[in-house]
Amino acid sequence: MQRLLPLTVVTALLSAAVAAHAQVTVPETLELRRLDAADAAASISECIGQSTTAVAERFIKEGTGWFSTPGSRQLSASTGSGVVISSRGQWACIRTSPMGFPIWPLETMADTVVPVNADPVAVRDWQRHLLERIAERGTARGLLVFPNGNAMQLDFTAQAGSALYVVYTRTFIKAGDVDESSAHAVLRDPSISGVKVSDDQDPKRPGHPGHLAIPFDRLQGKPQVKAP
């Protein structure tokens, strides 16, 4: 059933082929687990589709300590249907689509692009369309149209078997030059007063990996984990 939002118009511009062949369900949140849990090796192996736990045990040993280097890592296997992402002694399993792209939960978008004063339900619908498209095709274009007609274009890209960072770029577009037909999800809201963007790709930072898929507020404080 289509939801009608007061003072808000949300247009999802998905092609008929993609809509007809959608094969993914975007989860709401990440399930974060501790790397030092007794069942961690077995659970990590199940996520990446490995029958033995040797690879998972090595991954755990290298990332259990608070000051492990590097602090955020991922693990996947060519035969698996999931990618393990980990940071600060915690990990999560990101399932992958039949095309191999990550099916990121909505939570991973929490701090990437935040339209200021927009209807939160509309924002979540917009984000869900983008994450579905990313999982299906590996790319997605979102458009935020401000009340004055200007827009912010967000282009997301993903790699098969990779899920640690959400990679995207932004482009400001003046009113009159906005092409909504090029976007997969468009958000219009007369209440939008701006947009906050975090950790997008920037030519001035060529080595920057993107936005960590685990929201920072889920990693606050030193977790109680054993030293490696």
Side-chain angles (χ1 to χ4, degrees), residues 3 5-14 26-30 32 71-72 85 87-88 90 92 94 102-135 138-159 162-180 182-221:
R3 183 184 295 109
L5 301 171
L7 299 179
T8 303
V9 179
V10 183
T11 306
L13 299 175
L14 299 175
V26 174
E28 292 290 321
T29 60
L30 288 166
L32 279 181
S72 300
I85 61 175
S87 186
R88 298 189 181 181
Q90 300 169 83
I94 304 297
I103 307 174
W104 279 305
L106 275 174
E107 188 180 15
T108 62
M109 297 282 279
D111 299 321
T112 54
V113 182
V114 182
V116 180
N117 293 326
D119 186 299
V121 176
V123 172
R124 289 172 67 84
D125 287 344
W126 179 74
Q127 293 173 335
R128 190 184 302 276
H129 284 306
L130 290 173
L131 291 174
E132 289 173 348
R133 173 75 184 199
I134 292 170
T139 62
R141 171 168 292 176
L143 202 63
L144 292 172
V145 183
F146 303 110
N148 63 3
N150 294 335
M152 183 73 73
Q153 177 179 297
L154 294 310
D155 289 291
F156 295 82
T157 60
Q159 294 182 346
S162 180
L164 186 58
Y165 294 101
V166 180
V167 179
Y168 65 102
T169 59
R170 56 174 163 163
T171 305
F172 176 77
I173 303 176
K174 293 183 178 180
D177 295 328
V178 178
D179 178 14
E180 295 190 13
S182 70
H184 307 113
V186 179
L187 175 62
R188 284 179 172 273
D189 188 328
S191 300
I192 294 179
S193 58
V195 57
K196 297 179 180 178
V197 179
S198 174
D199 290 333
D200 60 323
Q201 291 285 13
D202 187 335
K204 297 179 182 178
R205 298 181 297 166
H208 182 66
H211 186 85
L212 185 65
I214 304 175
F216 184 71
D217 61 1
R218 295 286 300 275
L219 298 171
Q220 291 294 308

So how far is it from L187 CG to R124 CZ, rounded to the nearest 0.5 Å? 13.5 Å
Any donor and acceptor pair, going by atom type alone, linking the side chain of R128 with main-chain N or O of V26 inside 3.5 Å? yes
If every non-hydrogen atom of W104 is compared with every non-hydrogen atom of P27, which pair is closest and at what distance? O-CD, 4.2 Å
Side chain to side chain contact (heavy atoms under 4.5 Å, CB included) partner of V195, the single match among V116, L154, L144: L144
What are the two closest heavy atoms between F146 and M152, and how far apart are they? CE1-N, 3.9 Å
Can a donor-acceptor pair be found, under 3.5 Å and without considering hydrogens, that links the side chain of Q127 to the backbone of L106? no
Going by atom types only, do N117 and S193 share a side-chain donor-acceptor pair under 3.5 Å? yes
Can you tell me which residue pairs pass the side-chain hydrogen bond (donor to acceptor under 3.5 Å, both in side chains) test with a partner in residues 162-174, sequence neighbours excluded? Q74-S162, R170-D200
Find out whether L212 and L164 are in side-chain contact, i.e. whether some heavy atom of one side chain is under 4.5 Å from a heavy atom of the other. yes
Does D189 use its side chain to pair, donor to acceptor, with the backbone of A118 at less than 3.5 Å? no
K196 vs D111 side-chain heavy atoms within contact, under 4.5 Å: no
Any heavy-atom pair between the side chains of D119 and S191 that's under 4.5 Å? no
Does S198 reach the side chain of T112, with side-chain heavy atoms less than 4.5 Å apart? no
Can you see which heavy atom on A213 is nearest to which on T108, and at what distance? O-CG2, 3.1 Å
I need the S182 OG to D155 CG distance, nearest 0.5 Å. 8.0 Å
Residue list, side-chain hydrogen bond (donor to acceptor under 3.5 Å, both in side chains) with D179, at least two apart or on another chain: S181
Pair E180 + R141: basic N to acidic O under 4.0 Å: no
Ignoring hydrogens, what is the shortest heavy-atom contact between V145 and I192? Give both atom names and the distance. O-CD1, 4.2 Å
So, for I94 and P102, which heavy atoms are closest and what is the spacing to 0.1 Å? CG2-CB, 4.0 Å
Considering only heavy atoms from C-beta outward, does the side chain of T139 approach that of I134 to under 4.5 Å? no
d(L143 CG, H184 NE2) to nearest 0.5 Å is 11.5 Å
Pairs where residues 143-154 contributes a residue and the test salt bridge (Lys or Arg N to Asp or Glu O under 4.0 Å) is met, not counting sequence neighbours: none
Quick one: OG on S72 to CD1 on I85, what's the gap to the nearest 0.5 Å? 9.0 Å
About how many Å separate CD of E107 and CD1 of I214, when rounded to the nearest 0.5 Å? 9.5 Å
Heavy atoms of P105 and L131 approach each other most closely as O-CD1, 3.6 Å
